[in-house]
Amino acid sequence: MRLEFTPEEEAFRQEVRAFVEAELDPAIKAKVERGLRLEKADYVAWYTKLYEKGWITPGWPEDHGGPGWTPIQKYLFDEETLLGGAPRIIASGINMLGPVLIAFGTPEQKEKYLPAIRRSESWWAQGFSEPGAGSDLASMRTTAVREGNHYIVNGHKIWTSYAHFCDKLFCLVKTDKDAKPQEGISFLLMDLGTPGIEVRPIKLYEGGNDLNEVFLDNVRVPVENLVGEENKGWTYAKYLLGHERTGIAGIGASKQQLLRVKRLLAEQGLAADLHIQRRVTELEIELLALEATGLRILGENQIFSAPGAEASMLKVRGTELRQAIFELLYEVAGPAAIPFSEEAMFLEGEDPLIGDDERASLAANYLDSRKLSIYGGTNEVQRNVTAQMLLRG
Amino acid sequence: MRLEFTPEEEAFRQEVRAFVEAELDPAIKAKVERGLRLEKADYVAWYTKLYEKGWITPGWPEDHGGPGWTPIQKYLFDEETLLGGAPRIIASGINMLGPVLIAFGTPEQKEKYLPAIRRSESWWAQGFSEPGAGSDLASMRTTAVREGNHYIVNGHKIWTSYAHFCDKLFCLVKTDKDAKPQEGISFLLMDLGTPGIEVRPIKLYEGGNDLNEVFLDNVRVPVENLVGEENKGWTYAKYLLGHERTGIAGIGASKQQLLRVKRLLAEQGLAADLHIQRRVTELEIELLALEATGLRILGENQIFSAPGAEASMLKVRGTELRQAIFELLYEVAGPAAIPFSEEAMFLEGEDPLIGDDERASLAANYLDSRKLSIYGGTNEVQRNVTAQMLLRG
Amino acid sequence: MDFSISDEQQQLRDAVRRFCDGEYPLERRGQRVTADRRSKRWGMMAELGLTGLTVSEACGGSAQGMVEQMGVLEELGRALSPEPYLSTAVISASLIQALGTAKQQDQWLAPIAMGQLRVALALDEPQARYAYQGAGMACHLTREGEGYRLSGEKSLVLDGPDADAFVVAAQHEGILQLLVVPANAAGLTRIAGTTLDAREIATLRFDEVAISADSLLAEGEAAERALQAVRDRASAALCAESVGAMTELVEQTREFLKVRQQFGKPLGRFQALQHRLVDMVIALEQSRSMSAVAAMAVDEAESARRTRLVAAARVTVGKAARLIAKEAIQMHGAMGMTDECQIGHYVKRLMVAERLFGDISYQLETFEKSTAAAA
Amino acid sequence: MDFSISDEQQQLRDAVRRFCDGEYPLERRGQRVTADRRSKRWGMMAELGLTGLTVSEACGGSAQGMVEQMGVLEELGRALSPEPYLSTAVISASLIQALGTAKQQDQWLAPIAMGQLRVALALDEPQARYAYQGAGMACHLTREGEGYRLSGEKSLVLDGPDADAFVVAAQHEGILQLLVVPANAAGLTRIAGTTLDAREIATLRFDEVAISADSLLAEGEAAERALQAVRDRASAALCAESVGAMTELVEQTREFLKVRQQFGKPLGRFQALQHRLVDMVIALEQSRSMSAVAAMAVDEAESARRTRLVAAARVTVGKAARLIAKEAIQMHGAMGMTDECQIGHYVKRLMVAERLFGDISYQLETFEKSTAAAA
């Protein structure tokens with residue numbers, strides 16, 4: 001055990017920090033730090049910098065362009081980039097599809113898709129959830145029927161993040177209608193420009209439109225776009241969902257938002273309010289504990305009460321903590337959180353009543369944060385899964 | 001609607017307050033206010049004063065010796081006696097058996113048992129729970145088999161409060177083994193001196209011994225001791241459990257313990273601690289809300305989200321609030337809650353290290369308070385019941 | 001203490017409910033409406049007698065207390081009514097009723113009761129966080145002849161864009177003044193905006209606005225007392241409105257749990273959700289009780305006790321609203337976060353209600369101060 | 001930052017676990033034991049090398065850090081060991097090791113390592129609530145010739161009844177002094193008692209007890225610094241001990257949920273209980289992580305950072321202990337409240353651990369102060 005990072009790790013941290021400071025566009029940084037809306041161009045600008053540096057796919061193996069980092073390096077990279085105000089990696093191609101293609105894709109698929117993902121030339125949307133199914137992925141109803149060299153896909157996907165940024169879709173479809181839930185599912189790749197695909201944005205309650213519905217009406221998908229074997233898609237989906245482990249707790253994002261709490265408290269003259277200060281203290285301590293747990297999982301010979309459920313536990317606590325921080329931010333806003341218009345979510349907001357008062361965005365940030373305990377498997381599902389591991393046998 | 005009590009109600013409140021001040025033995029009051037152990041003699045002394053005043057059975061109808069109070073008067077009586085440091089009415093004969101006998105007993109049973117209950121000459125123990133059954137009352141296994149003019153009872157009851165104070169037992173027994181759960185149960189009365197009955201105290205973790213086990217080994221119970229009809233005992237038990245409505249939230253007891261918090265804070269020089277003060281504030285507000293809800297239930301034309309579940313909701317919030325107050329009391333004790341001996345639970349404690357430091361009893365009070373969410377139907381069962389009412393149909 | 005609801009109260013509530021059911025279809029609640037429509041609806045509410053509930057009979061109203069208005073406010077909250085009932089009929093009407101001369105009452109209250117006039121309260125100021133003491137206000141009067149000039153800025157003026165006049169709080173040489181200013185006064189600029197829950201709000205800039213002496217309602221101690229009283233009244237009203245919104249949130253969540261299937265059974269069969277639904281209902285019922293206590297306190301209690309009980313109600317309702325909002329969203333899943341779903345609109349109404357006239361922290365402090373004052 | 005556990009650490013923990021499994025049968029844990037038995041067990045722990053883990057090799061110990069002792073303390077906590085490991089081997093040994101002259105080290109540390117001597121810390125005073133500053137202490141030294149006289153009262157001396165000597169904190173003219181006083185010194189009265197969790201505790205009364213100059217360990221700044229350091233060390237030890245106790249509580253509750261039937265199925269099939277069990281486990285795992293952080297901080301960090309991280313660990317562990325204790329009792333039902341059931345004994349151990357060297361509130365304040373000091 002060792003409290004300090006090694007000198008090499010510290011040097012790496014400094015290198016990342018220096019890179020962020022030098023390369024991150026200040027306007028993008030300001031948007032991230034103030035919880036404002038980012039455009040696709042903002043993400044692409046930052047991802048391109050990371051690509052040029054060779055840092056865009058830390059989770060990929062070296063022979064596919066990963067940087068070959070240790071888990072601690074990946075952790076430090078996440079923390080430093082987020083703390084420095086850089087945009088998160090929201091591209092599903094990088095986080096989700098890449099690892100699946102590397103593990104299960106054909107050589108042709110890898111060659112065709114992976115380089116474009118790394119260069120942010122190609123953005124992938126994820127088509128998993130369906131209306132009425134929620135966290136219950138296995139009960140999906142979108143079908144793909146083989147017709148010669150094509151699958152004919154019909155169905156309706158929902159909660160597809162950033163589909164309006166994307167040109168491609170990876171999708172779970174039912175290829176054997178008679179199979180039990182979780183069986184008879186296949187993993188298909190499609191071009192969003194294929195006839196029969198319609199993407200419709202979903203307007204969210206805080207004004208955001210990151211989510212979409214995807215309608216699939218007799219979409220013809222070439223059979224070479226099947227990943228792995230037919231009817232084995234559930235296996236690949238599970239691999240994908242279980243793949244991202246570091247970063248799940250959102251430590252860097254929480255740290256960044258706690259800094260924002262402190263800055264706003266100072267700006268609002270609330271630094272001497274003992275009650276609000278105590279809440280900051282309690283959240284800081286919870287964050288320390290969460291961070292320690294995230295790092296402990298990387299150590300050797302550890303004792304865990306629910307081996308295999310560490311990721312679920314980090315997801316639950318990490319999202320609850322982030323929500324608590326956003327709730328505190330919203331409190332710091334005080335009455336200034338009453339006025340709102342969608343203009344307030346842009347850096348150069350034009351709403352005459354709100355002007356450039358950052359506090360007007362905090363109610364929307366708080367509302368947006370409620371998604372954290374819903375997406376990526378609701379916290380209820382995470383607790384179910386963990387309990388099953390604890391109580392089996 | 002009216003914020004103030006009527007002049008008549010206020011006059012009644014003053015009458016109760018004056019009675020408590022004049023008649024309650026200061027030593028008993030000191031024990032109650034400091035959370036120390038009461039002997040049976042303490043209860044009997046106070047109950048006898050109430051009996052002489054005609055106030056011992058507020059929940060009984062007038063023709064059986066009840067005082068004929070309105071619900072508000074009952075509420076005010078509970079509040080004033082508890083706030084004044086009087087012992088609670090723990091006698092199951094008064095709270096539980098009396099109403100059942102009045103509703104379902106024979107004229108002979110009423111004549112034989114009710115007057116002795118009111119005079120505290122006869123104390124009844126409740127034999128409902130069984131080992132392994134917990135809140136799942138319906139799965140009981142104690143049997144009564146008819147043999148001529150007697151039932152032969154065999155079984156094992158547990159968590160019987162104050163059985164060591166009692167001379168009599170009312171008991172649920174299975175009289176039809178083949179019936180479904182909740183059917184085939186009868187309600188029997190017994191003398192605890194009957195051969196075959198053994199009462200064994202259960203030592204509790206904080207040193208208390210209010211609970212007992214009752215072993216029943218071929219106990220012969222005369223058939224005239226059956227209450228109501230054979231195999232209908234579950235109906236009477238439900239009537240009994242649903243009967244006590246006022247008082248279930250423990251408002252008076254919570255108020256009394258919050259006064260104790262404030263007294264101890266002042267004594268410990270902690271009155272200026274803003275953090276602990278804020279917790280007192282939050283509990284005071286919760287208590288106001290609970291009290292208002294308890295009183296609202298007595299009003300006419302009220303809207304409730306779960307009609308029929310009001311008592312369950314009051315039980316849940318009332319016990320959680322009392323537990324929170326006891327937890328706060330325990331915090332106020334600070335390091336003085338580390339030393340403990342059972343002597344600390346008596347008014348004239350002899351432990352040389354602890355002396356008369358009230359704070360040494362607060363850890364035991366806190367531990368004892370954990371029972372509040374367990375007995376009388378666990379809070380989990382109360383929530384199940386309420387949810388069923390909310391979600392049916 | 002008696003929580004019984006009279007037949008008259010119930011009838012008034014029923015009438016408002018019928019109005020709301022007709023005028024606010026479920027799927028349009030929480031959407032912004034045009035000024036024309038707002039204006040038309042205000043006239044309909046006047047016809048129902050709602051705009052004059054606080055106004056004396058002499059001025060054409062029905063002189064009802066908060067207890068009588070509680071049901072009205074619950075129903076308006078349940079329907080997410082964006083009409084200026086709170087700002088005009090509760091706040092401004094009660095201030096003018098309590099403080100105005102006979103002439104001022106005739107001038108302002110009669111048209112309010114008739115639905116011809118909307119009056120908003122201009123109290124908050126930019127940079128001031130729930131600071132309601134006269135001495136600290138930036139808005140100020142300076143003497144000029146028989147009258148005054150008013151300068152300064154007022155923010156968070158709820159329903160300000162539609163208002164025909166404003167009750168303004170300002171200071172004159174450190175002494176609080178309450179006065180009525182017509183919206184068309186020369187030198188008054190109004191900047192319109194919207195709230196989080198799509199209602200109308202304004203910032204007002206007063207630039208040497210001429211104020212005649214007979215525009216003044218009260219000053220000094222009397223004004224401070226009246227301002228405290230009207231904040232308590234507004235808080236009681238916000239409690240009732242929030243109880244209405246929470247009732248609807250709980251009801252919609254309960255229905256959703258009954259019908260929504262997951263993993264082969266209705267969500268309502270999952271015990272963890274059942275228990276949390278019960279906690280939502282308990283929080284709602286505690287709020288309903290304290291909302292009634294607040295209304296009764298406004299009608300009956302002397303000031304320190306009134307402020308203490310109202311603050312307790314605001315804390316109870318505020319915490320319940322946070323819990324119920326979070327759980328309603330979580331139990332609806334991503335659907336609960338869409339603009340199309342009603343849940344979010346109710347949540348936003350509750351968020352705004354929590355912030356008006358002091359958030360939970362402010363109310364906790366108010367409770368502590370008024371407890372100390374009463375002791 | 002690296003949380004990997006070395007083979008040596010694991011082996012030491014395994015050895016202690018074997019000792020505990022043999023010496024503390026489950027059904028007797030939490031029951032008071034005789035002085036003879038306590039004495040005998042202390043000797044066994046010395047044979048295992050446990051009493052000398054903090055002691056330098058020169059004095060017969062093995063000079064281990066807190067990281068190495070973490071596993072030892074977890075196992076002792078898991079077995080509810082009532083032995084004076086914390087007071088003697090962690091607290092007193094480290095103070096004498098850090099502050100003592102070579103002669104003092106020989107005199108006290110060698111017998112500690114051999115298990116022949118038990119030394120307790122006399123720090124708290126009646127009426128003082130976690131007040132550890134020298135200047136405020138009622139226990140005081142007065143000069144007499146080459147030496148001093150010590151008078152005053154010390155309370156909450158854990159393991160005091162069995163101790164052969166005490167490290168005493170007192171003031172001399174407002175300056176903190178740390179000194180060693182033999183238990184048999186003339187003028188020292190020891191009042192024995194028990195803790196909530198059936199361990200031994202004492203109040204000490206010093207009445208003009210003669211103190212030779214060579215009994216002094218440190219004074220002033222150096223003493224204050226050493227006292228802060230040893231409180232942090234003790235706090236890290238309490239975290240580890242509590243993690244051990246919580247592990248057992250969670251384990252017993254989990255087993256109970258698997259086997260206990262209610263309403264026709266195991267309790268563990270009720271989703272509301274499942275979710276609460278998960279929250280217990282998360283709290284335990286967070287505590288385990290922060291306990292390790294505290295141990296590493298004691299071994300590595302400079303003082304302000306060390307105190308800050310240790311306080312954070314105490315808060316994390318303290319809150320987890322409250323949650324886990326309450327849930328373990330609730331899920332066991334009335335059975336969990338009996339003396340016969342192990343649950344209560346673990347709960348009481350955790351309650352005492354929370355109160356030693358500052359409760360949760362005190363630790364929160366310490367965290368805030370040391371954060372400000374580090375900034």
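Order of the sequence lines fixes the chain letters, A, B, ..., with proteins taken first and strands second; residue numbering starts at 1 for each chain.
Contact count against chain C (heavy-atom pairs under 4.5 Å) is highest for B/S305 among B/S305, B/A306, B/G299, B/G294. The greatest number of non-hydrogen atom pairs below 4.5 Å with chain C, out of B/I303, B/T386, B/N379, B/T6, is found for B/I303. Per-residue counts of heavy-atom pairs under 4.5 Å with chain C were compared for B/L390, B/L295, B/N301; the largest is that of B/L390. Note on B/Q277, B/Q388, B/E282: by heavy-atom pairs under 4.5 Å with chain C, the leading option is B/E282. Considering only heavy-atom pairs separated by less than 4.5 Å from chain C, the leading option among B/E286, B/E300, B/E291, B/M389 is B/E300.
Only the side chain of B/V316 has a heavy atom closer than 4.5 Å to any heavy atom of chain C.
To the nearest 0.5 angstrom, C/E300 atom CD is 11.0 Å from B/M1 atom CE. Taking CZ from B/R296 and OG from C/S291, the interatomic distance works out to 9.5 Å, rounded to the nearest 0.5 Å. Atom OG of residue C/S4 and atom CD of residue B/Q302 lie 6.5 Å apart, to the nearest 0.5 angstrom. Rounded to the nearest 0.5 angstrom, B/I72 CD1 and C/D2 CG are separated by 6.5 Å.
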Intermediate values then yes/no, side chain to side chain contact (heavy atoms under 4.5 Å, CB included), C/T371 and B/T281: CA-CA 9 Å; C/T371 300; B/T281 296; over 6 Å; no
Begin with the C-alpha distance, continue with both residues' side-chain angles, and end with the deciding distance and a verdict on side chain to side chain contact (heavy atoms under 4.5 Å, CB included) for C/V278 and B/N384. CA-CA 9 Å; C/V278 171; B/N384 288 348; over 6 Å; no
Please test C/F3 against B/L3 for side chain to side chain contact (heavy atoms under 4.5 Å, CB included), starting from the C-alpha separation and ending with a verdict. CA-CA 8 Å; C/F3 285 78; B/L3 185 64; over 6 Å; no
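Using modelled atom types, one finds no donor on one side chain facing an acceptor on the other under 3.5 Å when comparing B/T293 with C/E285.
Counting heavy atoms of neighbouring residues, nucleotides and ligands inside a 6.0 Å radius, atom CZ of C/R322 exceeds 12 of them.
Under the 3.5 Å distance criterion, the side-chain polar atoms of B/E4 are left unmatched by any main-chain donor or acceptor of C/M1.
Between C/F367 and B/L288 there is a side-chain heavy-atom pair separated by less than 4.5 Å. C/R276 places none of its side-chain heavy atoms less than 4.5 Å from the side chain of B/R383.
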